[in-house]
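Here is the structure we will look at.
All residue numbers in this chain count up from 1 along the given sequence.
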Amino acid sequence: LWHLSHPNLIQDDVVVKGPEEIFGWLTRVMYNRRSKFQPLMTTSVVAGFRKGSGFLGFVDSLGTHFESDACVATGLSAYIALPLLRKRCEERPNMTRDEALQVVEEAMTIMFYRDCRANNRIQVADINATGVAISDPKVLKTKWDHQGFSFNATRSMQYPGGSF
């Protein structure tokens, strides 16, 4: 990404790459690397705000890319959380920031319960016309004392003379 913006800094011109240009460049880089059998094994989300409108895009290590007006997700959350996010966005297309944050927290809580590598701490980035603001880490509220989670309810073997 540095190679994309550095020539403009040296030339001291007013050309500034927006999120659409960076997204287009990143899709070409990923596809080119895949075509050379040297893929960059990463999935990226490009988000930005320019000229009064927001931009949200997704590109993976194969160069597969798409733009979205509502939501994107990477990794396992693309299979588990993204359907929930899309459903909530269809139900309420003009959510407030607080409502959107509740939906994200709900989706991330579900991801924490389903993914053994997940953490219950999240950070949220707000991107708007005034700039980018990244929140402090927030710990999601979780509940692990459900009756069904007890060892007696989940054990599968009974041993003579007692239980294990």
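The pair R88-E106 meets the salt-bridge criterion, since a charged nitrogen lies less than 4.0 angstrom from a carboxylate oxygen.
Taken together through direct or relayed side-chain contacts under 4.5 Å among Ile, Leu, Val, Met, Phe, Trp and Tyr, L84 and V72 form parts of separate hydrophobic clusters. I80 and F112 fall into different hydrophobic clusters, where Ile, Leu, Val, Met, Phe, Trp and Tyr side chains are chained together by heavy-atom contacts under 4.5 Å.
When the side-chain contact (heavy atoms from CB on, under 4.5 Å) test is applied to M108, the partners found at least two apart in sequence or on another chain are V104, I122, L140. Considering only residues two or more places apart in sequence or on other chains, E67 meets the side-chain contact (heavy atoms from CB on, under 4.5 Å) condition with F23, F55. The side-chain contact (heavy atoms from CB on, under 4.5 Å) check on C71 picks up L82, L85, R86, C89, with sequence neighbours excluded. When the side-chain contact (heavy atoms from CB on, under 4.5 Å) test is applied to N119, the partners found at least two apart in sequence or on another chain are R121.
Formation of a donor-acceptor pair under 3.5 Å by the Y113 side chain with backbone atoms of K143 is found in this model. D98 contributes no side-chain N or O that, together with a main-chain N or O of L101, makes up a donor-acceptor pair within less than 3.5 Å. Remark: side-chain polar atoms of S68 are not paired, donor with acceptor, to backbone N or O of L56 under 3.5 angstrom. E90 places no side-chain N or O within donor-acceptor distance of the main-chain N or O of K87, the cut-off being under 3.5 Å. At least one donor-acceptor pair closer than 3.5 Å links the side chain of T109 to the backbone N or O of E105.
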Result block: side-chain N/O donor-acceptor pairs under 3.5 angstrom for residues 29-46, not counting sequence neighbours:
{"from": "R33", "atom 1": "NE", "to": "Q38", "atom 2": "O", "distance (Å)": "2.8"}
{"from": "R33", "atom 1": "NH2", "to": "Q38", "atom 2": "O", "distance (Å)": "3.2"}
{"from": "S35", "atom 1": "OG", "to": "Y31", "atom 2": "O", "distance (Å)": "3.0"}

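Distance check, rounded to the nearest 0.5 Å: CG of N120 to NZ of K141 gives 12.5 Å. Summarising the geometry, atom CZ belonging to F66 is positioned 9.0 Å from atom CG belonging to D60; distances are rounded to the nearest 0.5 Å.
Alongside V132, the hydrophobic cluster contains F49, I127, I134 (criterion: ILVMFWY side chains under 4.5 Å).
At a threshold of 4.5 Å between non-hydrogen side-chain atoms, the residues R50 and E20 count as touching.
Residues M111 and A81 come closest through the heavy atom pair CG-CB, 3.9 Å. Scanning both residues, M95 and R92, for their nearest heavy atoms gives CG-O, 3.3 Å.
Within a 6.0 Å radius of CG in D69, no more than 12 heavy atoms belonging to other residues, nucleotides or ligands are found.
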